[in-house]
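The structure appears below as structure tokens.
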Number of protein chains: 2
Amino acid sequence: MEPNQQIRIAVDAIVFGYSSQKLYILFIKQKYGEYKDKWVLPGGFVKNDEPLIQAVHRELQEEAGIKVNYLEQLYTFGDDINRDKRFRVISVAYMALVDATHLNLTADTDASAADWFDITSMPVLGYDHEIIVQQAIERLKNKLTYQPIGFDLLPDEFLFSDLENLYMSILNKEIDRRNFRKKLLSFGFIEETDRVSSHKSGRPAKYYRFNVEKYTALQKKGFHFDLMI
Amino acid sequence: MEPNQQIRIAVDAIVFGYSSQKLYILFIKQKYGEYKDKWVLPGGFVKNDEPLIQAVHRELQEEAGIKVNYLEQLYTFGDDINRDKRFRVISVAYMALVDATHLNLTADTDASAADWFDITSMPVLGYDHEIIVQQAIERLKNKLTYQPIGFDLLPDEFLFSDLENLYMSILNKEIDRRNFRKKLLSFGFIEETDRVSSHKSGRPAKYYRFNVEKYTALQKKGFHFDLMI
DNA sequence: TCAAAAGTGTTGAGTTTACACCCATGC
DNA sequence: GCATGGGTGTAAACTCAACACTTTTGA
């Protein structure tokens, strides 16, 4: 009953970032092998004594110097037995969200090796990563409507217009400002701060904050986030 | 860059069956090893050139002689590096649904080795399978409300009361017969047949059928199954 | 004729959608 | 004072939730 398996296990991360009304994904330029100079998802092989989730964090740290706000297992790709030509690889894909402060990669990284791409203008990807990315985008869109993960793509304090634009640009839908605001405020976990924005023109806007404690408290009482946009 | 991995990959299946208002899960009695004589989920190691999904089908066939109506990848358990004492194992869990005609296991199986357990009276399980099972039950409950998978737990032709009882018993909720019927029929993918039930007492009931084609057609037009019970 | 389960409509409450004008600031 | 984006309320349409009696059969 001892298996003689020759299957490698890897993790891949689809890291989403949001900035100026565009959704970005992080890619890494391969340095070696069949896909040299192609862009691929950050990720790599799991170490023998390393939990999967830790492997994801490690790879993101090594390859892009990034710490994420949100990380969730997406799907395990193991049906195409030839996705890597060298040997059979099964890949566990994770979806991660970062806020815009991480969209600068200069700090910890070899700048040429990692970059953000607007999802409307992505490069050709190596392996089967195009498929993985498409699935991740779908998952993100779905999840935005039934879990409050949009806040993980924004800074701690944000304008209501930021939140609204985030939803509109990711879901490609028009949203009525009044109804959107009414609904989100009615939930009771979005709090006004006393900071006020001052940009070039227009009336200054208040900053708001997502109160995680209030959200989890509500959740325990049976509350179910749903934007049904 | 060649990894020297010593990680095994396995699949496990949580197979749900439904009969006389109870939800059942299929377990296998281990014959060897640390968990000898303990009940565990059907599953096993993936072969080198075998797609994951095929491994699941194979194991279900070998261990219980079962073909499923529905199969979906659930989650990959790979964070607890000691879940199997012999070596590190990462397990990809799948959720499967069968209809009640499969609840007899005598045909293809060593009867002592596989059995169905009502989820309210499950045995002690080996490995970390208790956790996996709990997650699967949660997923099933959720999914019942937003995907029409309840039909995969019923025979092709079923009574409306069967469907209603299935939802009530799995979700532990009272359902108003009139509202439930009204809503499901309004979707337009449940069809009346001309078969009529005849049981001991009470007015005979019509059999109904779930029309998959109509459902997928609606789905493409943007329809979204939702029972919000 | 009685017991048992199937079948059927209506009303009030709550939620969602559509919609337009005033406000505060910078230039 | 005007351009720019922020902030606000109301009414109609729709959906959901609650509720009880009639029908058909077998015994």
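All values derive from a computational prediction rather than experimental measurement. Here is the naming used below: chain letters follow the sequence lines, and residue numbers restart at 1 for every chain.
Along DNA chain C, the stretch of nucleotides lying under 4.0 Å from any heavy atom of chain B spans, 5' to 3', C/dA4 to C/dT10.
Here the side chain of A/R181 is nearest to one of D/dG6, D/dG7, D/dA17, namely D/dG7. Of the candidate nucleotides D/dA20, D/dG9, D/dA18, D/dG9 has the atom lying nearest to any side-chain atom of A/R178. Distances were taken from every side-chain heavy atom of A/R203 (C-beta onward) to each of D/dT24, D/dG7, D/dC19; the shortest belongs to D/dG7.
Taking the six-membered ring for Trp and thresholds of 30 and 60 degrees, B/H129 and B/Y127 have ring planes inclined between 30 and 60 degrees apart. Between B/F160 and B/Y208, the two ring planes are perpendicular [angle over 60°; tilted spans 30° to 60°]. By the 30° and 60° cut-offs, the orientation of the rings of A/F187 relative to A/F225 is tilted.
Contact annotation: A/S161 side-chain N/O to D/dG6 OP1/OP2 distance is under 4.0 Å.
At whole-Å resolution of the value, OH in A/Y207 and P in D/dG7 are 11 Å apart. Between the CG atom of A/D162 and the C1' atom of D/dG5 there is a distance of 12 Å, rounded to whole Å. Computed from coordinates, the B/R177 CZ to D/dA18 P distance equals 16 Å when rounded to whole Å. In this entry the distance linking CD of A/Q21 with C1' of D/dG5 reads 12 Å, nearest Å. As a whole-Å value, the separation of A/K206 NZ from D/dG6 C1' is 9 Å. D/dA11 atom P lies 15 Å from atom CG of A/N179, rounded to whole Å. The nearest whole Å value for the distance from the CG atom in A/L159 to the C1' atom in D/dG7 is 13 Å.
Between B/K183 and B/D176, the one whose closest nucleotide on DNA chain D sits nearer the 5' end is B/K183. Taking for each of B/H199 and B/D226 the nucleotide of DNA chain D with the nearest heavy atom, the 5'-most of the two is the partner of B/D226.
Residue-environment remark: NZ (B/K38) stays at or below the threshold of 12 foreign heavy atoms within 6.0 Å.
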Item checked: Residues B/F151, B/F158; criterion ring-ring contact (aromatic ring centres under 6.0 Å, His included); working and verdict -> CA-CA 9 Å; B/F151 304 104; B/F158 54 86; 5.6 Å; yes
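Remark: B/R209 does not engage B/E192 in a salt bridge, criterion side-chain N to carboxylate O under 4.0 Å.
Under the salt bridge (charged side-chain N to carboxylate O under 4.0 Å, His left out) criterion, the residue pairs touching residues 52-61 of chain B are B/E50-B/R58, B/R58-B/E62, with sequence neighbours excluded.
Residue-level contact check: B/K182 touches the bases, meaning some heavy atom is under 4.0 Å from a base atom. Counting non-hydrogen atoms under 4.0 angstrom, B/S198 reaches nothing in the nucleic acid.
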